[in-house]
Each structure stands twice: as C-alpha cells, then as structure tokens.
Amino acid sequence: MKLVVTEKNNAAQRIAELLGVKKPKSDKVYNTPVYRFERDGEEWVSIGLRGHILEPDFVPTITYKRNKGWLATPDDGASYKVDIPSFLPKPPFKTKRKPFLADGVAIGGSWKMDALPYLVYAPIQKNPKEKDIIRSLKNLAKKADDIIIATDFDREGELIGSDALSCIREVNTTAPVSRARYSALIKPEITHAFENLVELDMNLAHAGESRQEIDLIWGAVLTRYLTIVKFAGYGNVRSSGRVQTPTLALIVERERERMAFVPEDYWVIKAKFSDGIEPFEATHKEGRFKTQEAADAVMNAVNGAQFGTVSGIEKRKRTVSAPTPFNTTGLMAAAAAEGLSPARTMRLAESLYMAGYTSYPRVDNTVYPSSFDLPAMVKTLSEVPAYEPYCRQLLAKGTLTPTRGKQESTDHPPIVPMQAASPDKLQPAEWKLYNLIARRFLATLSDAAVIEGTKVSVDVNDETFITRGDVVVKPGFRAIYPYGAKKDTILPQLNEGQQVDFLGATCEQKQTEPPARYSQGKLIQEMEKLGLGTKATRHSIIDRLYNVKYIQNDPIEPSQLGIAVCDALGRFAPQITSPGMTAELEKDMNQIADGDKTQKEVVDLSRDILNDVLKELMPHSEEVASALGDAVAADAYVGTCPKCGKDLQMRASNKTKSMFIGCSGWPECDVTYPLPKGKVEVVEEKCPVCGMPQIKVTAFRSKPRVQCIDPNCDSNQEPDVIVGACKACAEKGLDKKLIAQRNPRTLKRFIRCENYEECGVSYPLPQHGELKATEEVCPDCGAPMVIVTTGRGPWKLCPNFDCPGKEKEEGAEDKKAPAKRTTRKTATKKTTRKTSK
DNA sequence: GCAAGGTC
C-alpha cells in the first residue's frame with residue numbers, strides 16, 4: 001500500500017480524486033478522514049495532517065550530576081548531556097532568595113528570574129500536538145510499503161513532512177520515502193509531481209526547525225522576563241517575539257512622529273460657478289494659503305464679482321498601466337477595498353484553492369512563470385458568460401503580454417483562476433473573490449487605460465480658480481477590471497473666453513495633519529515590506545498585540561504599556577525590536593537549506609546573542625518594572641477620587657472579570673462606579689455638570705456617546721416614565737402602574753410594577769436611547785408598548801421577553817435558521833428591530 | 001501563563 005501524507009485534509013481528498021482511476025473511497029482511521037483509491041493496479045491511501053503535528057517546547061527538567069555534568073530529562077526517552085555554558089553557576093546555587101535550583105532542576109516550565117539564564121540554553125524536545133492524527137498516521141504507516149510526503153511546497157511544508165516522517169519511522173523503519181512537489185491542486189500539476197517524485201529536503205526542514213527553536217527561545221525568555229519583572233496577576237502576560245515586537249515598534253514609532261508633529265494653519269479658497277446650465281466648483285490656484293492675510297486679499301479681490309472668464313482649457317491624455325499579478329498582499333489589499341477583511345479573504349482564498357478554482361493563495365511572487373499557457377487559461381475563463389466577450393477580444397489580439405510585478409520568485413505562481421466558476425456554484429463571498437481574481441488575471445493581459453484629464457482655469461478679477469475633470473477615452477483593462485477606478489468627473493462643456501456666473505467664494509481655515517496612524521490593512525502591507533511574519537500569520541500577530549493590550553482602536557494606536565514595553569526592549573534588547581532579526585534569520589535559514597551551515601550552529605549562536613541581551617536586561621529590572629507599572633497605571637487612569645484624592649482606575653472584577661471604575665486607594669477607600677456595556681474610553685473633558693471624568697461608550701452597533709461616570713450626576717438622571725398599567729394587578733382589582741426606571745447603582749434600565757414585591761411583573765428594556773410611553777398595549781400579551789429612539793431612529797416594541805407574539809416570530813425564523821437559541825438580550829434586540837416602524 | 005507557523 002502506498003501512503004500519501006498531505007498538509008491538510010482537503011488536499012488529501014483532492015489528490016485522491018486526481019490520482020485515482022475511480023472515485024476514491026472516503027474512510028476513517030480513528031476519526032481522521034482518509035481516502036483510499038487505486039492507481040496503476042496498486043492500492044493507495046491519502047491522509048491529511050492539520051499543519052504542524054509536533055510542537056517544540058523546552059525539556060521540562062535538567063539535572064546536574066557532579067561527575068556527569070548537566071543532563072536533560074525529556075518527557076520520554078533516556079536523558080542526555082546538555083551544553084550549559086560553564087559561566088552559569090552549578091548547584092548548589094547561592095542566591096539571595098531561597099535556592100531555586102536543586103538537583104533536579106525545573107527550567108522548562110519555570111517562570112522565575114533565576115531560571116531565565118538557563119532557559120536560554122535549555123534543550124528543546126518535540127511534543128505531539130495533534131495526538132489523534134499522529135495515531136491515525138502511525139496506524140496507516142505500519143501497513144505502508146511506500147510513503148509519499150505531499151505537504152505544501154514551501155519551507156514549513158518540508159518541516160511538517162519531516163515531522164510526519166519521524167512519527168512514521170517510529171512504527172515503520174523500512175518503507176522507502178519520497179516527496180511530491182506541486183503548487184496547484186490540478187490534474188497536470190499533481191500527476192507531474194507524482195510521476196517525478198523527489199527526496200525530502202532535510203536541510204530545508206532543518207532550516208524550518210531552527211526558525212521554530214529561535215522563535216521559542218527568544219519569545220519565551222523575553223515574555224517570561226517582561227511578565228515576571230512586574231507581575232500583574234495571572235492572565236496578564238506581557239509578550240514579546242521576533243515578529244510581534246518589531247510590529248509593535250512600527251506602531252509606537254508612528255505615534256512618536258505624530259506627537260512630534262507641529263500642525264500648521266493654512267487656508268483654502270473655493271469658488272462656485274455656473275455656465276447657466278449646471279454649477280461647478282473650483283479651487284484657487286494657490287491651493288494652500290500660508291497666511292490669512294494672503295487668503296483675505298484674494299477674498300477681497302473677488303468680493304462682489306458677478307462673472308468669471310474661462311481663461312484656459314488644457315486637455316491631457318494619460319495612460320494608466322494594467323495592474324500586476326496578484327500575490328497574497330495584493331489580493332488582500334484589493335479585497336479590502338471590496339469590504340473583505342484580510343482574515344476573511346484568506347479563508348475564502350483557501351477554500352477556492354481547495355476546490356480547484358484558484359491557485360495556491362499564499363505567495364509572494366508577482367510574475368507569471370513562462371510555463372503558463374496564457375491563451376489556454378483565457379479560453380478556460382471564457383466559459384464564464386460574463387467574461388466571454390472580453391476573453392474573445394483578448395484572444396483576437398494574438399500574443400498576450402502579461403504585466404509583471406516587482407517581486408519575483410519561483411515557489412508558487414501568482415494567484416490566478418484555474419477553472420471557470422459560476423455564481424450558483426459558489427457562496428456569494430467566494431464568488432466575489434473569485435470574480436476579483438479572475439478579472440485581475442484578465443486585466444494583467446490587457447492594454448493600459450487611457451484617460452483624458454481636463455484642467456479648466458476661470459479668472460475672477462485676475463484671481464485664477466482651477467477645476468479638473470477626468471474621462472476614460474480608451475478603457476483597456478478597465479473594461480474587465482472596474483475595481484478601484486474613480487468615477488469620471490465630467491465638467492460642463494466650456495470654451496476658452498466664455499463668461500460664467502460667479503456664485504461666490506468661501507475661505508476655509510485648515511491645519512496640516514500629522515502622519516496617519518496605521519490601519520490594519522496598511523500595517524499588514526508594511527509588515528510584508530519588512531519581511532515580518534507570513535501571509536498566513538500577519539493578521540493573527542496584530543490580533544495578539546490587541547489581546548495583550550499593547551495596542552488599541554483601528555486605526556491602531558499604542559497603549560502606554562505598549563510604548564513602555566517597546567522602550568524597555570529598545571534600550572536593553574534592541575535586536576528584538578527591529579525587523580533585522582527576521583532578515584538575519586532568513587539568511588541563516590537559506591544557508592542551512594543550502595547546506596552551508598547547520599541548524600545547531602545557527603541556534604547556538606542565537607542563544608549566545610540572547611544570553612548577552614539578558615545580561616543587559618537583568619541588572620535593569622527595577623527600572624523596567626517601574627516603567628511598566630507606571631504605564632499600566634496610566635492606561636487605567638480615569639481621574640481623581642472625590643473622596644480620598646487618589647487615582648480612579650479602570651479595573652476588572654476579580655470574580656466576574658467585568659470592568660468597573662475603582663479607587664486605587666482600595667481597600668482603604670471604597671469608591672467605585674459602574675461601567676455600561678460596550679467599549680469604554682476615558683475622554684479628556686470633564687463633566688460640565690459635576691466636574692467628574694467622562695467616558696465615551698460605544699455599545700454594539702450604536703453610535704458612541706459621552707457620559708459622566710457618576711450615575712448620580714444630574715446629567716445621568718432620567719425621569720422615571722410611567723408606561724402603562726400592570727395587567728396582573730388589574731386582574732386582582734388593583735390599580736398599579738408600570739414604571740420604566742434605572743437601577744441607580746448599575747444603571748440598568750427596565751420596567752417594573754410599583755407593586756413588584758407582590759406581582760413580580762418586570763420587563764427588560766434596551767439600555768440606550770430615549771424612551772417614550774405609548775397609549776397602546778401589545779395585542780399578543782397586553783404589555784404596554786414603548787418607543788425607544790436611538791441614533792437609528794425610533795422603534796416601537798413590546799418589552800415582554802416572553803410575549804407569545806415573539807414566539808410566533810422566532811418560530812418562523814427557526815424554520816429558516818434552526819437551532820439558533822439566542823440569549824435574552826439579542827432575542828429582545830432581534831424583535832425590536834422587527835417591530836420597528 | 002511564553003513564539004510563530006501551519007490548519008479548522
């Protein structure tokens with residue numbers, strides 16, 4: 001039996017389909033899907049892994065024996081000798097604190113300062129990460145006479161394959177192993193790869209493994225250092241890493257530029273004209289006036305004028321080149337403009353690739369390989385009706401000359417369509433992305449677009465105003481690729497010397513703007529430029545920075561903590577804050593892949609460098625600790641406590657983890673304020689009514705609002721509203737009112753009967769928006785209807801969560817989307833939207 | 001409780 005090992009399940013299935021003479025049989029081995037098929041009269045089976053199935057970690061314990069030296073004791077297997085440099089003390093250790101190292105030394109899992117120098121040199125073992133898959137793999141491997149590693153064709157793929165092989169070798173030491181290399185899951189590629197099998201490139205796998213080890217060692221040592229130097233409780237990890245820290249540094253650097261920026265005033269003058277048919281606007285030719293005097297002089301000069309004269313019309317044609325082939329970043333940027341986030345785009349691209357519609361989505365290359373049969377690919381796309389006429393035009397041109405991007409590599413071709421698709425075969429979002437990729441491909445084979453720009457000058461009392469218009473005269477690639485194209489701005493038909501009505505001018509004062517903060521999309525592009533992370537990981541790196549609270553908001557700004565971490569590492573561990581470390585690592589990995597260096601050489605050197613870094617960092621621990629402490633306090637700072645004068649801070653409840661504002665003088669001072677649901681930011685302006693700090697609250701899908709933190713402040717008082725009579729009490733002959741009110745402590749708004757103690761009638765209410773009573777009662781349950789007016793307009797709703805009318809609606813919805821039992825809150829929301837006018 | 005890299 002021949003065993004094919006792929007990186008993921010979908011690839012295993014697809015390869016089985018493409019290689020098998022008949023449809024492959026889906027089977028399961030210990031819950032892992034496998035695919036059995038027949039080829040050349042032989043039995044084959046393919047299994048997909050789940051990316052990396054092994055994970056590196058430190059050996060948990062090392063031991064020092066007087067006569068043997070340092071020994072590592074891995075989780076499984078015999079202990080072996082370790083090179084711990086002689087400058088590190090041997091036990092028994094003399095430290096000021098309790099001796100932390102005894103004969104059996106826990107280093108791998110130790111979060112103690114004293115252990116860090118040893119951690120730098122701790123040996124690394126590989127632990128199983130996907131136990132189920134490993135079990136299935138071994139089970140199949142026992143029976144295999146031939147093993148073909150068919151993981152993705154890149155460095156990590158080679159590593160994943162070699163990890164799989166080491167698992168296989170534990171149960172099968174003899175079966176020959178070969179490697180299939182392919183860069184698209186299509187028949188010609190796959191058959192070619194399996195008819196031209198090569199060897200697994202162990203050097204390349206070792207290059208990948210050194211990346212894993214260096215990332216782990218540096219990441220773990222620096223993360224543990226930052227976390228314990230100023231321990232802030234479990235769940236408060238201060239992380240650092242080869243990719244995330246330089247990325248953070250980019251954000252911090254941009255913030256510094258913004259802080260150093262001195263804005264300058266300038267003035268812009270715009271004038272309105274009309275040719276008698278339609279109005280148009282023009283800007284004074286000066287553009288930005290540096291002084292108000294200069295601007296005023298122009299305003300005075302044109303003041304009272306009735307007419308302007310068209311003093312010049314310039315027409316100039318310019319060409320816009322066809323776009324270059326898509327690599328991952330190019331695709332993400334173009335898709336972002338169509339409303340698909342980077343993460344979503346990659347998910348969709350992966351599934352299109354898996355289904356064989358498009359080529360491998362994780363590429364840097366932007367140059368088509370010469371092996372591409374471009375006319376054949378265009379012919380394939382002409383099966384899509386919407387592209388057919390354009391494809392015919394392209395093919396009629398004869399030779400097709402594609403555009404080329406700046407990045408050229410041979411690992412994968414740029415992202416291109418592999419077969420025709422149609423909107424009914426794909427999910428809407430998949431089709432959207434396929435459409436983008438297919439049209440982009442056709443665009444790269446097309447002529448440039450020609451655009452005619454018109455510049456019109458209009459003089460008013462010797463002051464010249466200018467307006468511009470654009471019209472496409474030869475669409476070229478624009479005919480098939482409308483993305484990112486500006487709409488034509490068409491000017492009225494004007495002639496030189498023509499008189500037009502002058503409808504007045506306005507002068508606007510503006511200020512020059514500091515460099516903009518990064519958006520997530522821009523940051524990803526910047527990371528790519530610097531070689532930070534991979535196409536598959538950049539988005540998750542940014543997420544990580546959000547999670548450890550180094551950065552906030554979008555566009556991204558650093559927190560004080562983020563700035564402090566960056567400063568501390570920049571001073572004492574500059575290697576980790578610069579993208580240079582990644583560049584060095586890339587070089588080293590290439591040398592390992594080429595056989596010019598060994599994995600051990602590279603990793604050992606990296607350990608020595610980290611050792612030097614740690615020697616810088618450790619003596620400055622107090623400094624770093626206080627800088628981090630101050631930064632955390634600054635991030636949490638809300639204002640001054642009215643009772644004791646200490647700082648009010650954002651805090652998380654120990655029990656519920658929910659946020660509130662509390663005094664830093666606790667437990668001596670017990671001042672607290674509740675926080676409403678949603679995203680909360682402290683604003684600088686104090687409450688105009690009571691002078692307390694204010695917060696900006698952005699609740700889910702609503703506009704932000706600013707409010708005083710003190711629930712008892714007059715600005716937060718909302719009169720109780722009588723919304724109707726209590727039906728339950730009325731049935732008992734009592735005349736009781738239902739009152740909409742807020743809990744003074746939690747600020748939660750709800751409706752309650754004034755006789756609540758006895759009847760227990762209460763209804764939930766939306767927390768925001770102005771509330772009004774109505775005369776109506778709900779036809780389904782008799783509860784009083786209310787109107788809530790938010791930024792999105794007024795809604796009329798029945799507040800009763802258990803209203804039978806809601807059951808009806810939910811029931812109707814359940815048929816369409818079953819098993820969506822929503823929480824109380826969202827259920828209320830859903831219905832309120834429905835019943836809105 | 002760490003990293004970054006795969007994949008889901």
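Naming convention: chains lettered A, B, ... in sequence-line order (proteins, then strands); numbering from 1 in each chain. Note that these values count all heavy atoms, side chains included, but never hydrogens, waters or copies made by symmetry.
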Criterion side-chain contact (heavy atoms from CB on, under 4.5 Å) against A:V363, the qualifying member of A:T328, A:L331, A:T329: A:T328
Base, sugar-phosphate, or nothing for A:R242, non-hydrogen atoms under 4.0 angstrom? sugar-phosphate
Partner set under side chain to side chain donor-acceptor pair (under 3.5 Å) for A:Q13, not counting sequence neighbours: none
Which part of the nucleic acid does A:Q244 contact within heavy-atom distance under 4.0 Å: base, sugar-phosphate only, or nothing? sugar-phosphate
NA contact type, A:G51, heavy-atom cut-off 4.0 Å: base, sugar-phosphate, or nothing? base
Would you classify A:S240 as touching base, sugar-phosphate or nothing, given that sugar-phosphate means primed atoms plus P, OP1 and OP2, and contacts are heavy atoms under 4.0 Å? sugar-phosphate
For A:P246 and A:W111, find the nucleotide of DNA chain B closest to each by heavy atoms; which residue's nucleotide sits nearer the 5' end? A:W111
Checking all strands, does A:I541 fall into the base, sugar-phosphate, or nothing category for heavy-atom contacts under 4.0 angstrom? sugar-phosphate
Start and end of chain A contact along DNA chain B [non-hydrogen atoms, under 4.0 Å]: B:dG1 to B:dC8
Heavy atoms under 4.0 Å, any strand shown: does A:G157 hit a base, just sugar-phosphate, or nothing? nothing
Say whether, by atom type as modelled, one donor and one acceptor occur between the side chain of A:S621 and the main chain of A:V229 under 3.5 angstrom. no
Hey, does A:R211 reach any base, or is it just sugar-phosphate, or nothing, if we go heavy atoms under 4.0 Å? base
Within the 4.0 Å heavy-atom criterion, would you say A:E55 contacts the bases, only the backbone, or no part of the nucleic acid? base
Please output the side-chain donor-acceptor pairs of residues 158-168 of chain A that fall under 3.5 Å, not counting sequence neighbours, one pair per line with the distance.
{"from": "A:E158", "atom 1": "OE1", "to": "A:R179", "atom 2": "NE", "distance (Å)": "2.9"}
{"from": "A:E158", "atom 1": "OE1", "to": "A:R179", "atom 2": "NH2", "distance (Å)": "2.7"}
{"from": "A:E158", "atom 1": "OE1", "to": "A:R181", "atom 2": "NH2", "distance (Å)": "3.4"}
{"from": "A:E158", "atom 1": "OE2", "to": "A:R179", "atom 2": "NE", "distance (Å)": "3.3"}
{"from": "A:E158", "atom 1": "OE2", "to": "A:R181", "atom 2": "NH2", "distance (Å)": "2.9"}
{"from": "A:E158", "atom 1": "OE2", "to": "A:D201", "atom 2": "N", "distance (Å)": "2.9"}
{"from": "A:S162", "atom 1": "OG", "to": "A:L159", "atom 2": "O", "distance (Å)": "3.4"}
{"from": "A:D163", "atom 1": "OD1", "to": "A:K126", "atom 2": "NZ", "distance (Å)": "3.0"}
{"from": "A:D163", "atom 1": "OD2", "to": "A:K126", "atom 2": "NZ", "distance (Å)": "3.1"}
{"from": "A:S166", "atom 1": "OG", "to": "A:D163", "atom 2": "O", "distance (Å)": "2.9"}

List the residues meeting salt bridge (Lys or Arg N to Asp or Glu O under 4.0 Å) with A:R544, not counting sequence neighbours, and say none if there are none. none
Using the salt bridge (charged side-chain N to carboxylate O under 4.0 Å, His left out) rule, collect all pairs that involve residues 572-586 of chain A, keeping only residues at least two apart or in two chains. A:R155-A:E586, A:E584-A:K587
Test side chain to side chain donor-acceptor pair (under 3.5 Å) applied to A:K131 - qualifying residues, sequence neighbours left out: none
Determine the contact category for A:F58: base if any of its heavy atoms lies under 4.0 Å from a base atom, sugar-phosphate if only primed atoms, P, OP1 or OP2 are that close, otherwise nothing. nothing
For residues 127-136 of chain A, which residues have at least one heavy atom under 4.0 Å from DNA chain B? A:K129, A:E130
For A:S178, the side chain to side chain donor-acceptor pair (under 3.5 Å) test, sequence neighbours excluded, returns none
When A:N10 and A:G533 are each assigned the nearest nucleotide of DNA chain B, the 5'-most assignment goes to A:G533
Partners of A:R36 by side chain to side chain donor-acceptor pair (under 3.5 Å), sequence neighbours excluded? A:D27
Mind checking A:D152 for me? I need base, sugar-phosphate or nothing, with any heavy atom below 4.0 Å counting as a touch. sugar-phosphate
